[in-house]
Number of protein chains: 2
Amino acid sequence: MSGQPSCLVQNLSHYIDLTDHDRELLATLERSPRDYSEATEIHSGGDRNRDLYVVKQGWLFSYTDLPDGRRQIVKIHHPGDVIGFPDIAMKHMTTNLRSVEPVTLCPFPKSALETIFTSSPRLSALMLSIALRDQVVFIDLLRVMGRMSAMERVSHFVLDLLARLRITNKDMTDTFRLPLNQSQIADYLGLTNVYISKTFKRLQDDGMLSRDGQQITLTREEELKELVDFEDRYIEMDTSWFPGG
Amino acid sequence: MSGQPSCLVQNLSHYIDLTDHDRELLATLERSPRDYSEATEIHSGGDRNRDLYVVKQGWLFSYTDLPDGRRQIVKIHHPGDVIGFPDIAMKHMTTNLRSVEPVTLCPFPKSALETIFTSSPRLSALMLSIALRDQVVFIDLLRVMGRMSAMERVSHFVLDLLARLRITNKDMTDTFRLPLNQSQIADYLGLTNVYISKTFKRLQDDGMLSRDGQQITLTREEELKELVDFEDRYIEMDTSWFPGG
DNA sequence: CCCCGTCTTTAATCTGTATTGAAGCGGCGG
DNA sequence: CCGCCGCTTCAATACAGATTAAAGACGGGG
């Protein structure tokens, strides 16, 4: 159970102190790790709803296609994330899941959640809160997609990624690795790969960021945050109402 | 408690059979109705997080502004809806709330939810499911905003409204009242009021819908659904895993 | 019944992003 | 070390939707 520290535990510990009992419960979710190579289709929309996943390693994304081939990436998943929460309400999966690099996932059945929900009210409250927080994040993204220019979208995108990575990795600086290619970023932001290239170049020329291979450095994070009116929804949640731990 | 039937109860009854105990619990949420006139600002983003609301009557919307005045409407609320769920996770309200016509709301404190969560597992599961379902709806909307044309956006918009209205009103046909003006629709779909006008006209010329004042009739609903690859997320949820009632 | 304000429609022009295609670049396998 | 392939960059053109302005339509209040 101990050995390597779990990203899921790190992720959740950011918000509340976990009891040993909580850690044991979470460990049941990470019992059966499985590797997938890069660019692998892990499940498809319409599949009869089966497992959720804890991400142990690597980046993935959830996406949907339109009948004519247009694609929208709706969520990017990092180590420590739980994949598939929204689908709990539906009878079928609503999105496709694909790895961008070699990944390690721990599939677990819906029913494992029930155990958590009945035996740890505090952990339940946290998981509910995370689901609701994600909804706020989607709402922020909607604002980005509905009303912001390409420049602003890309800026918001990198700020959001950095904010998320900082939750599971406390000593993250202003530099991070971005393993997505520009077509994938385009499919996430509702733009084209060509325009993503042009926009990154412009951000670089303006001195807002620098690039070295997959490494991105935000050299003027505060300015970027102001530019896109960025709110960090990850750093802090309201846990005051949680049942006592 | 009986008297006029509650829209909230109607809304939830669509998914599960409510016990008398459940109905009593829900009635506590609707204890203190309050009227607001049209175009009223009911709360603002950044407010210290206080009440949620049950909508008894009238349409409202939640929105956010960008610093330079651009606006994004993120959710349209109808009778029977609960407003404010996602904010439970945050310390402050994340959106503004405004009525589009005279409305009746029932404010209730977060703590009222706790009572429900501790005393009716079945009702808790339903409310969680609705929150997660809404997340799926946001994801669908993201796809619309990221990858669809104005034509497709407007089509999806009216289909979505109709699907939602049918939950609380079983004998809704293919006609409904749309009290939003075109600027508001534009702020919802990330377009301009002028282009909304042009697009509605085109849909009308193509025979997809007809308008009479605020009344909208979808004359070729199936074609529209195909056009935008529409999925009704409201009609059916997976309640199979709910604790027995 | 008419005025006035709000909303919708029409029209002309402008712009940001899409599209297409071709030219760099870099890493990996052979 | 070469050659291929995927990704990024650059350039030319196209177009959907924005912008601005002005002219209808509509409805409520005096």
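Lettering follows sequence order; numbering is per chain, from 1.
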**Study point:** Whether over 12 other heavy atoms sit under 6.0 Å from B:Arg202 CZ
**Key:** no
Check your understanding: If you find the nucleotide of DNA chain C closest to A:Ser149 and the one closest to B:Phe200, which residue's nucleotide is nearer the 5' end?
Key -> B:Phe200
Practice item. Flag yes if more than 12 heavy atoms outside A:Gln214 fall under 6.0 Å of its CD atom; otherwise flag no. Key: yes
Check your understanding: Taking atom CZ of B:Arg211 as the centre, does the number of heavy atoms from other residues, nucleotides or ligands within less than 6.0 Å exceed 12?
Key -> yes
**Study point:** Whole-Å distance separating the CE atom of A:Met151 from the P atom of C:dG16
**Key:** 12 Å
Point to revise | Spacing of B:Gln214 atom CD relative to C:dT6 atom P, expressed in whole Å | key: 17 Å
Practice item. Examine distances only and state if a side-chain atom of A:Thr219 and a backbone atom of A:Met208 form a donor-acceptor pair shorter than 3.5 Å. Key: yes
Point to revise | Nearest to side-chain heavy atoms of A:Val194, which nucleotide of C:dT17, C:dT19, C:dT8 | key: C:dT19
Review point. Is B:Asp205 atom CG crowded by more than 12 heavy atoms from other residues, nucleotides or ligands, each under 6.0 Å away?
Key: yes
Check your understanding: Under 4.0 angstrom, heavy atoms only, what part of the nucleic acid is B:Gly190 near: base, sugar-phosphate, or nothing?
Key -> sugar-phosphate
**Study point:** Over 12 non-hydrogen atoms of neighbours within 6.0 angstrom of CD in A:Glu226
**Key:** no
Point to revise | First and last nucleotide of DNA chain D, 5' to 3', lying under 4.0 Å from heavy atoms of chain A | key: D:dC7 to D:dA11
Exercise for review: Round to the nearest Å and state the distance from A:Met145 atom CE to C:dG16 atom P.
Suggested key: 19 Å
**Study point:** Separation of atom CG in A:Asp212 from atom P in C:dG27, rounded to whole Å
**Key:** 10 Å
Check your understanding: Between C:dT17 atom P and A:Arg153 atom CZ, what is the distance in whole Å?
Key -> 7 Å
**Study point:** Atom pair distance, as rounded to whole Å: CE in B:Met148 and C1' in C:dA18
**Key:** 18 Å
Check your understanding: B:Leu191 CG to C:dT15 P: how many Å, rounded?
Key -> 20 Å
Exercise for review: Select base, sugar-phosphate, or nothing to describe what B:Arg211 touches, counting heavy atoms under 4.0 Å on all strands.
Suggested key: sugar-phosphate
Review point. Can the ring centres of A:His43 and A:Tyr53 be said to be less than 6.0 Å apart?
Key: yes
Point to revise | Five-pair end axes of the helix from C:dC1-D:dG30 to C:dG30-D:dC1, angle between them (10°) | key: 30°
**Study point:** Enclosure of B:Gln57 CD (heavy-atom neighbours >12, cutoff 6.0 Å)
**Key:** no
Point to revise | Whichever of A:Gln204 and A:Lys198 has its nearest DNA chain D nucleotide further upstream toward 5' | key: A:Gln204
Point to revise | OP1 or OP2 of C:dT17 under 4.0 Å from side-chain N/O of A:Tyr195 | key: yes
Point to revise | Option among B:Trp59, B:Phe61, B:Phe176, B:Tyr234 that satisfies the ring pair (Phe, Tyr, Trp, His ring centres under 6.0 Å) test with B:His78 | key: B:Trp59
Exercise for review: Nearest-nucleotide wise, let me know which of A:Asn193 and A:Arg147 is further upstream toward the 5' end of DNA chain D.
Suggested key: A:Asn193
Point to revise | Donor-acceptor side-chain pairing of A:Asn11 and A:Thr168 below 3.5 angstrom | key: no
**Study point:** Whole angstrom value for the distance that separates C1' of C:dC7 from CG of B:Leu178
**Key:** 13 Å
